Amino acid sequence: ILIRGRSLLDIGSQELAAFRRERLGFIFQDFHLLDSFSLRDNIFLPLVLSRKKPDEMRQRLEPLARLLQITPILDQYPVEVSGGQKQRAAVARALITHPDLILADEPTGALDSRTADQLMAMLDTINQQGQTIVLVTHSIKAASAAKRVLFLQDGEVVLKLNNEQLSFEQRLERISAVQSELSVRRDQYVCA
């Protein structure tokens, strides 16, 4: 894996934590927010660790909070907000460092369908603004938002789809068909 022309294998253990903090953003299914921190402080955490100045942290947060519609709840704690609000705060935390790559692991998995749709629309907007996002999901609907889809089976890429020219409905239909076919093949293999 190369990020900005640099192999991840060439990064020493001392430098790896700083590289992850500054070049990668992570979005997890279960938010990974600290309960004793406000949403604002959770979002600021990677910048605090990078020793950014408070003015810069606020300047970075304001447009993200507006985009993700969390400005009114920034001073609340994770236990005081909904799952969708927690996930949007987690997205803001992932984006605030201006990372080269966002890695999202089942970001809609803990959300109801309406909230998941809203989050995927926000991630699509963020992607259209130039942010690279790699999203891992079992959700056909979430995968249908992607321009490119890789199907993995037993740790191997078994199929690549370029959906860039297709509508959401066409993507959904295509991915559903491929998923069904792969499931049938796997079932045949397992039963053989």
Side-chain angles (χ1 to χ4, degrees), residues 1-111 115-137 142 145-148 150:
I1 298 172
L2 300 175
I3 297 181
R4 289 193 179 225
R6 188 161 183 203
S7 171
L8 296 183
L9 298 175
D10 295 338
I11 300 173
S13 59
Q14 296 270 338
E15 188 184 357
L16 194 55
F19 181 86
R20 277 191 291 237
R21 185 176 58 248
E22 294 166 11
R23 299 284 178 210
L24 302 177
F26 297 93
I27 305 170
F28 302 98
Q29 178 176 341
D30 58 356
F31 324 122
H32 288 282
L33 298 174
L34 300 172
D35 289 334
S36 59
F37 283 26
S38 68
L39 296 182
R40 180 186 314 275
D41 291 338
N42 269 285
I43 296 165
F44 281 162
L45 188 58
L47 297 180
V48 169
L49 295 172
S50 294
R51 299 189 172 142
K52 300 295 182 194
K53 293 184 176 167
D55 284 346
E56 181 181 350
M57 293 191 306
R58 284 189 291 276
Q59 288 173 356
R60 288 188 185 200
L61 178 57
E62 288 173 11
L64 285 175
R66 277 193 307 274
L67 173 68
L68 296 166
Q69 302 169 3
I70 57 173
T71 302
I73 60 166
L74 286 173
D75 293 318
Q76 291 184 269
Y77 289 81
V79 297
E80 300 174 321
V81 300
S82 71
Q85 291 168 322
K86 288 178 193 176
Q87 192 61 299
R88 285 183 277 148
V91 170
R93 182 189 54 204
L95 290 168
I96 201 156
T97 60
H98 302 143
D100 296 321
L101 177 65
I102 295 287
L103 299 171
D105 182 12
E106 294 283 1
T108 62
L111 305 176
T115 305
D117 290 348
Q118 291 170 345
L119 179 68
M120 289 307 299
M122 289 176 181
L123 290 175
D124 186 51
T125 298
I126 291 163
N127 178 249
Q128 288 177 20
Q129 293 173 351
Q131 178 64 61
T132 302
I133 301 171
V134 174
L135 185 140
V136 177
T137 186
K147 295 172 190 157
R148 292 189 304 157
L150 305 177

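For clarity, every value in this text was computed on a predicted model and none was experimentally measured.
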Validation row: Leu135, Ile27 side chains within 4.5 angstrom (heavy atoms):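 Side-chain contact under 4.5 Å: no.
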Could you list the donor-acceptor pairs under 3.5 angstrom formed by side chains in residues 9-18, with sequence neighbours left out?
from  : atom 1 : to   : atom 2 : distance (Å)
Glu15 : OE1    : Arg6 : NH2    : 3.0
Glu15 : OE2    : Arg6 : NH1    : 2.9
Glu15 : OE2    : Arg6 : NH2    : 3.4

Do any pairs count as a side chain to side chain donor-acceptor pair (under 3.5 Å) and have a residue in residues 118-127, sequence neighbours left out, and if so which ones? Asp124-Gln128, Asn127-Lys147
Is there a side-chain contact between Ile96 and Leu64 (heavy atoms, below 4.5 Å)?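 Of all side-chain heavy-atom pairs linking Leu64 with Ile96, at least one is under 4.5 Å.
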Could you tell me which residues satisfy side chain to side chain donor-acceptor pair (under 3.5 Å) with Arg20, sequence neighbours excluded, listed by chain and number? none
Looking only at non-hydrogen atoms, find the nearest pair between Ala145 and Met120 and report the distance. CB-CE, 3.7 Å
Could you state the interatomic distance from CE (Met122) to CG (Leu95), rounded to the nearest 0.5 Å?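 The CG atom of Leu95 is 12.0 Å from CE of Met122, to the nearest 0.5 Å.
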For residues 74-84, run the donor-acceptor check on the side chains, cut-off 3.5 Å, and write out each pair with its distance to 0.1 Å, sequence neighbours left out.
from  : atom 1 : to    : atom 2 : distance (Å)
Asp75 : OD1    : Arg40 : NE     : 3.0
Asp75 : OD1    : Arg40 : NH2    : 3.2
Asp75 : OD2    : Arg40 : NH2    : 3.3
Glu80 : OE1    : Tyr77 : N      : 2.8
Ser82 : OG     : Gln85 : N      : 3.2
Ser82 : OG     : Gln85 : OE1    : 3.3

Measure the spacing between NZ of Lys86 and CG of Asp30 and express it to the nearest 0.5 Å.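 Those atoms lie 10.0 Å apart.
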Of all pairs that satisfy side chain to side chain donor-acceptor pair (under 3.5 Å), the ones with a partner from residues 50-59, not counting sequence neighbours: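 Pairs touching residues 50-59 that pass the test: Arg21-Ser50, Asp55-Arg58, Glu56-Arg60.
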Applying side-chain contact (heavy atoms from CB on, under 4.5 Å), can you list everything that pairs with Gln29, at least two apart in sequence or on another chain?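 By the side-chain contact (heavy atoms from CB on, under 4.5 Å) rule, Gln29 matches Glu106, Ala110.
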What's the spacing between Leu39 CG and Thr71 OG1 if we round to 0.5 Å? 11.5 Å
Could you pull out the closest heavy-atom pair between Gly25 and Pro99, with the gap in Å?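 Taking Gly25 first and Pro99 second, the nearest heavy atoms are N-CB, 3.6 Å.
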Once side-chain contact (heavy atoms from CB on, under 4.5 Å) is applied, do any residues pair with Leu45, and if so which ones, sequence neighbours excluded? Leu34, Phe37, Leu49
Partner set under side chain to side chain donor-acceptor pair (under 3.5 Å) for Glu62, not counting sequence neighbours: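 Listed in chain order: nothing, the list is empty.
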All side chain to side chain donor-acceptor pair (under 3.5 Å) counterparts of Asp35, not counting sequence neighbours: none
Would you say Ser38's side chain and Asp41's backbone share a donor-acceptor pair under 3.5 angstrom?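 Yes, the answer is positive, given that a donor and an acceptor are paired below the 3.5 Å cut-off.
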Is the Phe28 ring parallel, tilted or perpendicular to the His32 ring (thresholds 30°, 60°)?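 The arrangement is perpendicular - the two ring planes meet at more than 60°.
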Quick one: side chain to side chain donor-acceptor pair (under 3.5 Å) pairs with a partner in residues 88-100, sequence neighbours left out?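 For residues 88-100: Arg4-Asp100.
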Identify the heavy atoms of Leu123 and Pro107 that sit nearest to each other, and give their distance. CD1-CG, 4.4 Å
So if I apply the side chain to side chain contact (heavy atoms under 4.5 Å, CB included) rule between Gln87 and each of Leu68, Leu33, Leu111, which one comes out positive?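 Looking at Leu68, Leu33, Leu111, the match for Gln87 under the side chain to side chain contact (heavy atoms under 4.5 Å, CB included) is Leu111.
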Atom CG of Leu101 and atom OG1 of Thr132: how far apart are they, to the nearest 0.5 Å? 6.5 Å
Taking all heavy atoms of Ala142 and all of Thr108, pick out the closest pair and write down the distance. CB-OG1, 4.3 Å
With Val136, which residues qualify under side-chain contact (heavy atoms from CB on, under 4.5 Å), at least two apart? Asp105
Flag side-chain contact, heavy atom, 4.5 Å: Val134 against Ile102: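 No, their side chains stay 4.5 Å or more apart.
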Could you go step by step and tell me if Asn42 and Phe31 meet the side-chain contact (heavy atoms from CB on, under 4.5 Å) rule? CA-CA 11 Å; Asn42 269 285; Phe31 324 122; over 6 Å; no
